[in-house]
Amino acid sequence: MNAQVNLRTLRKGQKAVIVSIAAQGELGRRIRDMGLVPGAEIAIVGRAPLRDPVALRVKDFTLSLRNNEADFIEVAILEP
Amino acid sequence: MQRPLTVALAGNPNAGKSTLFNALTGARQHVGNYPGITVDKKEGRLQGVEADVRVVDLPGAYSLTAYSQEELVARDMLALERPDAVVDVLNAGALERNLYLGVQLLELGVPLILALNMMDEAKKHGLRIDGAKLGKLLGLPVVELIAKKGVGVAELAKIVTDRAAMRAQHPEPWRPLVISYGPDLDDAIASMTTAIEAAGFLTDRYPARWVAIKYLENDPPVMEEGRRAGAIGPSLEAMAAKAAAHCNDTLNTYPEAIIADYRYGFISSILKNGVLSRDDRLERVEFSDKIDRVLTHKFLGPVAMLGVLYLVYKITFGLGRVPMNWMQDGFSLLGETATSLLPEGLLRSLLVSGVIDGAGGVLSFVPLILIIFMLIAFLEDSGYMARIAYMLDRVFRIFGLHGCSVMPFIISGGIAGGCAVPGVMASRTLRSPKEKLATLLTVPFMTCGAKLPVFILLTGVFFPRFQALVLFAITLSGWAAALCVAWFLRKTMIAGPSTPFVMELPPYRLPTWKGLCIHTWERTWQYIRKAGSVILAISVLLWAAMTFPGLPGEEAARYEAARTEISAALDNAKTNGDEQAVQKLTEDLGSADNERAAAALRHSIAGRAGIAVESVSRYAGFDWRTNIALIGGFAAKEVIVSTLGTAYSLGKVESGETTPLAEQLAGDPAWTMLKGVSLIVFILLYAPCFITVVAIARETGSWRWALFSTAFNTGLAFALAAGVYQIGTLMGLGH
């Protein structure tokens, strides 16, 4: 298994696979509804000019979420 | 078969649902609101088929969990109206995520037809999709579409009609899809389902198994129903809690997460079964990503965004001004015509100052609203609006607002000269209820175009040398007030954590003209129809407040006698050819009329109210004349200038020619610079004009918040104005 890190720490262009999601309630529901579930592959597309939120690619579409929302998501890095 | 067939259109946002709806129904559609909330309810009739088929466009949703109002509305419509067929519009390019909603529709048991839209885009991205195979695996019809070009629409219309007609003739119960949620949950679901069936809880609306799953998903609306239904509610909650504890102990996760996992697992097993394959040679940087490299770039992104926002503002008010002026000219011509045709008196005054001015007030905003809706629809449909939110989220989040709040602020007068009416309507792009409410309540603080003539007058009198600088400071104060109050409201009355930002950044697409036009027209027509009547009524009310009860008999007689005397002298002078006397007497006649108008205004309800509150308003330095003008400003802020003119017996002061009024204020010892500043603060912040109030009521779906903004803003404005005046007086600035 590759290094397991928090989604927030990923850099632009990095690819990773989601390992776990700790968010519950409304945020957890929203995250899952949008396709972020364990096992899903993601790639960081970019960050907003103020470094937050982050844009990422998952299941063939682009999604943005805030850093403090990304904190709930642990990933394993696939490509540096 | 008398009853029309009903077909519901469901789908993710950005899947081309509106485009398909327009293609299926043509331009003939009906837009309303779901009761009590501001989610649009669109309906139309299916074109190109013989049967009478009603198409209901459900709000865009990613899921049927209870995340947003839109999702709840979609769910309730399906469960309560039981449509004869449901079309799920999918973006073929993101099939996996789009099927998440489709699978939930199947679990609900609705008679589903899948419409795979944007097949051309998917192909371009190297995705090969076998629609027939998908249909076979799920046991339902699948139609491949390019709705934008009309490809496949006729076929879909036919299949939908056939299916719906068949169901209507041979009704059969819905057959919900059963997905296994794994050994840990399936047992719990089974025993909960048995309990639900035994109690008959919600079984008239939803499949029992579906309700059981909702309990495991902690679905608030369903659990609410359970609590009202009696013993079944708590018992189901206990069973769900037990299952949750079990999941937590053994798997260190929650039932909700497991359910989502299995749903996505079910979808990917279907897609891997020969439905979806990828042509990896085509995997390349997408067109949208290329644009985003510039448009969301660290430096270029914000610069481009400022440019776009400025352009939207310029187009709205630059282009809108022309038809707006025609509209205003037309109405003033109408007013003049009515004035010349009707005898002087109450009826004429009612028609000209109440009805015609009121209708003019409603309709002169139409060009602005039309343009702003067109531009916002363009920004939304093209995908750029999501980027604006993405780039500004970090800033606006500090104040408890949303990145999309920027548009309403700018349009309302964030760039001085905007208008809060289209600004309030621009808040429709905000999907997060709390952030939207905070935005709606604070946009009226901006320096709108109607406040500008008042500010120009006051700054011209009190800061003639620094007028531009002070006007700029006023605009910045508007921003500061809006952001601070938003922050305050989000800490107190609209408290709560910010709505999750997890949001799709849709690919850039060129919007269709047809879609833009239909969208724009719908919204504008809604404004005319729904807001128009209320605005007209309030306009008449305000007219009455400034007119009745009129001068008491003896005083009116005195003014009349004085007028007759001057008229007689004037006639006399004219006969004698004494030009000097004619000129003087004509002026006297004018000032006699002006004095009479001022006295009548003082006697009106508004005038009496202005005098009555003088004992309080003097803490901010306002006398009764100012008070009357401020009351008049509730109709429209530019009325402040003309009412002030009437109150000072200057006759009708047009906002373009304020010199006599400016001289009056400059020469009046009661008008100190301090009073000027206090008045500017008050006018910037106090109650929005009632057209804005009506617009706020429509956008929030409740009069409560509209009235709140009227009272709260006035209170805040007075507190600050009085603060400025009192502190200034203490510092000896009041001379």
Side-chain angles (χ1 to χ4, degrees), chain A residues 4 7-8 10-15 17-75 78-79, chain B residues 14 61-63 65-68 71 91 93-98 100-101 122 125 127 217-218 252-254 256-257 259-261 263-265 268 286 288-289 292-293 296-302 305 386-387 389-395 397 403 497-507:
Chain A
Q4 195 168 320
L7 177 57
R8 183 199 272 260
L10 292 190
R11 289 184 315 273
K12 186 175 168 177
Q14 274 187 313
K15 288 187 179 174
V17 60
I18 295 179
V19 177
S20 69
I21 297 170
Q24 275 183 292
E26 196 186 4
L27 177 61
R29 200 172 293 151
R30 180 68 168 176
I31 285 179
R32 286 189 291 272
D33 284 353
M34 297 299 272
L36 296 175
V37 283
E41 270 184 43
I42 58 163
I44 304 294
V45 177
R47 282 180 189 280
L50 295 167
R51 313 275 310 136
D52 183 16
V54 59
L56 51 87
R57 200 143 179 87
V58 59
K59 298 188 197 297
D60 295 318
F61 77 108
T62 310
L63 194 69
S64 76
L65 74 170
R66 291 174 179 152
N67 281 343
N68 61 14
E69 292 161 349
D71 282 343
F72 291 99
I73 302 173
E74 293 288 321
V75 298
L78 293 177
E79 265 177 46
Chain B
N14 308 310
Y62 290 105
S63 156
T65 52
Y67 172 73
S68 67
E71 293 172 3
N91 173 2
L95 197 53
E96 189 177 355
R97 210 265 338 266
N98 276 251
Y100 195 65
L101 175 71
H125 294 161
L127 301 175
E217 286 181 321
N218 273 317
N252 192 23
T253 180
Y254 329 101
E256 283 190 81
I259 291 170
D261 275 1
R263 263 189 206 134
Y264 277 114
S268 77
E286 277 188 40
S288 272
D289 292 348
D292 265 339
R293 276 191 196 161
T296 62
H297 182 268
K298 210 185 278 180
F299 303 112
L300 297 177
M305 180 175 61
R387 269 73 181 186
Y390 170 67
M391 284 189 277
L392 280 175
D393 176 69
R394 190 71 198 86
V395 180
R397 196 200 320 167
S498 57
T499 313
F501 189 70
V502 189
M503 180 187 78
E504 185 174 357
L505 292 177

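Reminder, nothing fancy here: chain letters follow the sequence lines and each chain counts from 1. Note: hydrogens, waters and symmetry copies are ignored here, and every other heavy atom, side chains too, is used.
Between A/Phe72 and the choices A/Leu27, A/Leu7, A/Leu65, the side-chain contact (heavy atoms from CB on, under 4.5 Å) rule is met once, by A/Leu27.
Both the sub-6.0 Å distance and the 45° axial angle are satisfied by A/Lys59 relative to the ring of B/Tyr264.
For a residue to count as touching a neighbouring chain, one of its non-hydrogen atoms must lie under 4.5 Å from one of that chain's; by this rule B/Arg263 does not touch chain A. Contact annotation for A/Asn67: neither backbone nor side-chain heavy atoms come within less than 4.5 Å of a heavy atom of chain B. Proximity to chain A (any heavy atom under 4.5 Å) is restricted, for B/Asp393, to the side chain, taken from C-beta onward. Neither the backbone nor the side chain of A/Arg51 comes within less than 4.5 Å of any heavy atom of chain B. The contact between A/Val54 and chain B is made entirely by backbone atoms, counting heavy-atom distances below 4.5 Å. Both the backbone and the side chain of A/Glu26 come within contact range of chain B, each with at least one heavy atom under 4.5 Å from a heavy atom of that chain. Of the two parts of B/Tyr390, the backbone and the side chain both hold a non-hydrogen atom closer than 4.5 Å to a non-hydrogen atom of chain A. Of the two parts of A/Ala23, only the backbone, made up of N, CA, C and O, holds a non-hydrogen atom closer than 4.5 Å to a non-hydrogen atom of chain B.
Residue pairs that meet the salt bridge (charged side-chain N to carboxylate O under 4.0 Å, His left out) test with at least one member in residues 32-41 of chain A, sequence neighbours left out, are A/Arg32-B/Glu256.
The CE atom of B/Met391 lies 14.5 Å from the NZ atom of B/Lys298; values are rounded to the nearest 0.5 Å. To the nearest 0.5 angstrom, A/Gln14 atom CD is 9.5 Å from A/Ile42 atom CD1. Between the CZ atom of A/Arg47 and the CZ atom of A/Arg11 there is a distance of 10.5 Å, given to the nearest 0.5 Å.
When the candidates B/Pro302, B/Gly93, B/Ala257, B/Ala260 are compared by the number of heavy-atom contacts under 4.5 Å with chain A, B/Ala257 comes out ahead. Looking only at heavy-atom pairs under 4.5 Å with chain B, the residue among A/Gly35, A/Ser64, A/Ala48, A/Pro49 that has the most is A/Ser64.
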Please table the atom pairs, donor to acceptor, closer than 3.5 Å between any side-chain atom in residues 499-507 of chain B and protein atoms at least two apart or in another chain.
from     : atom 1 : to       : atom 2 : distance (Å)
B/Thr499 : OG1    : B/Glu435 : OE1    : 2.8
B/Thr499 : OG1    : B/Glu435 : OE2    : 3.4
B/Glu504 : OE1    : B/Asn14  : ND2    : 3.3
B/Glu504 : OE1    : B/Tyr62  : OH     : 2.7

